[in-house]
Amino acid sequence: MAPLPAEFFTRATVEVARDLLGSLLRVRGDDGRWTAGRIVETEAYGGEDDPASHAGRGRTPRSEIMFGAPGVAYVYLIYGVHHCLNIVTGAEGQAGAVLIRALEPFTGLATMAQRRNVAAETRLHQNLCNGPGKLCQALGIDLAWNGTPLTSERQPKNSNNQRILTIDSGPQPVVWQASPRIGITRATNRPHRFTDPQSTCLSR
DNA sequence: GAATCGATGATCT
DNA sequence: GATCATCGATTCA
């Protein structure tokens with residue numbers, strides 16, 4: 001497996017969202033601990049043409065990053081409590097981002113459980129990353145990660161922080177499914193949510 | 001599985 | 001100051 005090339009994220013947001021299914025999101029947290037999971041659920045959010053997107057009413061301090069360079073993390077706080085991880089897509093000047101909604105945890109299950117403050121239980125892996133807020137907590141991602149670029153593992157030697165965010169290509173599911181996006185009030189009928197329907201780790 | 005509710009920072013008027 | 005918001009946990013059946 002190899003890190004997805006930058007060009008992968010320069011394409012149309014909907015394509016990126018669909019093609020991310022099956023790839024491996026790997027994260028090294030501020031504490032140096034690794035966690036990783038297979039992406040099984042994503043959603044595409046566009047620019048001015050998408051009323052449900054944070055970029056739907058143009059550039060604001062918050063949405064600015066969605067207009068910027070692709071392959072960068074866009075992290076925001078929702079409901080005042082939960083973090084959501086997006087990857088900026090499209091060419092610069094073209095707003096778009098893919099929300100990572102669910103993972104099948106792959107590495108660092110114990111770390112995830114500890115961060116999420118849940119004890120070992122049956123089907124634990126199904127409950128660690130099956131939702132955008134939950135997976136951020138499990139991966140240790142918060143607002144400090146906003147603007148973090150996807151990188152290969154090589155970091156500058158003098159870099160102080162331990163943060164690494166990378167997505168390796170992986171086999172896409174043989175079947176995938178498009179459905180309406182979750183938890184929004186505008187443009188609710190666009191089928192811009194993508195899932196691997198065979199996964200047992202989906203949200204909702 | 002469905003319905004309900006708590007939680008609170010950011011954005012907008 | 002009011003409203004909104006890419007949700008999660010709990011309760012009920």
Side-chain angles (χ1 to χ4, degrees), chain A residues 9 12-18 20-21 25 37 39-68 70 72-90 95-105 112-148 165 167 176-197 199-204:
Chain A
F9 299 96
T13 306
V14 169
E15 287 181 31
V16 176
R18 183 195 57 211
L20 274 176
L21 294 176
L25 174 66
I39 297 174
V40 293
E41 178 175 344
T42 63
E43 282 180 1
Y45 287 89
E48 282 96 338
D49 58 332
D50 184 357
S53 170
H54 289 167
R57 281 188 297 259
R59 294 178 185 251
T60 68
R62 182 171 71 166
S63 69
E64 184 65 30
I65 191 168
M66 292 181 66
F67 291 83
V72 170
Y74 166 38
V75 181
Y76 63 87
L77 192 61
I78 189 64
Y79 294 105
V81 224
H82 309 292
H83 299 282
C84 288
L85 170 66
N86 300 252
I87 309 296
V88 176
T89 57
V98 173
L99 170 68
I100 310 296
R101 285 193 59 90
L103 306 173
E104 283 179 10
M112 293 182 185
Q114 182 184 2
R115 286 175 178 154
R116 290 208 9 89
N117 216 10
V118 295
E121 56 184 70
T122 49
R123 299 195 302 284
L124 171 68
H125 73 286
Q126 296 183 6
N127 278 321
L128 287 174
C129 299
N130 59 331
K134 294 166 87 171
L135 74 87
C136 279
Q137 189 180 8
L139 301 178
I141 290 174
D142 59 19
L143 285 180
W145 289 68
N146 192 34
T148 301
L165 184 64
I167 301 183
W176 53 267
Q177 202 165 73
S179 55
R181 295 174 290 186
I182 303 266
I184 58 172
T185 56
R186 292 181 286 265
T188 53
N189 53 348
R190 299 188 191 184
H192 287 353
R193 170 178 181 246
F194 299 95
T195 57
D196 173 357
S199 174
T200 59
C201 299
L202 303 179
S203 70
R204 302 285 168 105

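Source: prediction; values computed, not measured. Below, chain A is the first sequence line, B the second, and so on; all start at residue 1.
In this structure, NE2 of H83(A) is placed 14 Å from C1' of dG8(C), rounded to the nearest angstrom. Following rounding to the nearest Å, R59(A) (CZ) and dC12(B) (C1') show an atom-to-atom distance of 20 Å. The interatomic distance linking I141(A) (CD1) with dT6(C) (P) rounds to 18 Å, in whole Å. Straight-line distance from the CG atom of L77(A) to the C1' atom of dC4(C): 13 Å, rounded to whole Å. If you measure from atom CD1 of I65(A) to atom C1' of dA10(B), you get 16 Å, rounded to the nearest angstrom. Remark: P of dC7(C) and CZ of R204(A) are 6 Å apart, rounded to the nearest angstrom. Atom-to-atom, CG of L143(A) to C1' of dA5(C) comes out at 14 Å; the value is rounded to the nearest Å. Distance H54(A) NE2 to dC4(C) P: 14 Å, rounded to the nearest Å.
Both distances falling under 3.5 Å, in either a Watson-Crick or a G-U wobble arrangement, place dG8(C) opposite dC5(B).
Across the interface with DNA chain B, nearest-nucleotide mapping of S63(A) and Y79(A) shows Y79(A) to be the residue nearer the 5′ end. Where G133(A) and I78(A) each meet DNA chain C at their nearest nucleotide, the meeting point lying more 5' is that of I78(A).
Between E41(A) and N130(A) the shortest side-chain heavy-atom distance does not fall below 4.5 Å. The side-chain heavy atoms of T13(A) and H192(A), taken from C-beta on, include no pair separated by under 4.5 Å.
Taking 4.0 angstrom as the limit, R101(A) places a side-chain polar atom (N or O) nearer than this to OP1 or OP2 of dC7(C). At dA5(C), one or more side-chain N or O atoms of T185(A) fall inside 4.0 Å of OP1 or OP2 (strictly under the cut-off). Regarding contacts with the backbone of dT6(C), every side-chain N or O of H82(A) stays at 4.0 angstrom or more from both OP1 and OP2. Regarding contacts with the backbone of dT11(B), a side-chain N or O of R62(A) is found under 4.0 angstrom from either OP1 or OP2. Residue R57(A) places none of its side-chain N or O atoms closer than 4.0 Å to OP1 or OP2 of dT11(B).
The two atoms that bring V75(A) and L143(A) nearest to each other are O-CD2, 3.6 Å, heavy atoms only. Considering every non-hydrogen atom in both A97(A) and T89(A), the closest pair reads N-OG1, 3.4 Å.
Checked options K134(A), M112(A), E104(A); the residue passing with L128(A) is M112(A) (criterion: side chain to side chain contact (heavy atoms under 4.5 Å, CB included)). Partner of R190(A) under the side chain to side chain contact (heavy atoms under 4.5 Å, CB included) criterion, out of P180(A), S179(A), P51(A): P51(A) alone.
No side-chain N or O of R115(A) forms a donor-acceptor pair with one of Q137(A) less than 3.5 Å apart.
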Using the 3.5 Å cut-off, write out each protein N or O paired with an N or O of nucleotides 9-13 of chain C and the distance between them.
from   : atom 1 : to      : atom 2 : distance (Å)
dA9(C) : OP1    : R116(A) : NH1    : 3.4
dA9(C) : OP1    : R116(A) : NH2    : 3.1

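I182(A) comes within contact range of the sugar-phosphate backbone alone, with a heavy-atom separation under 4.0 Å but no base atom that close.
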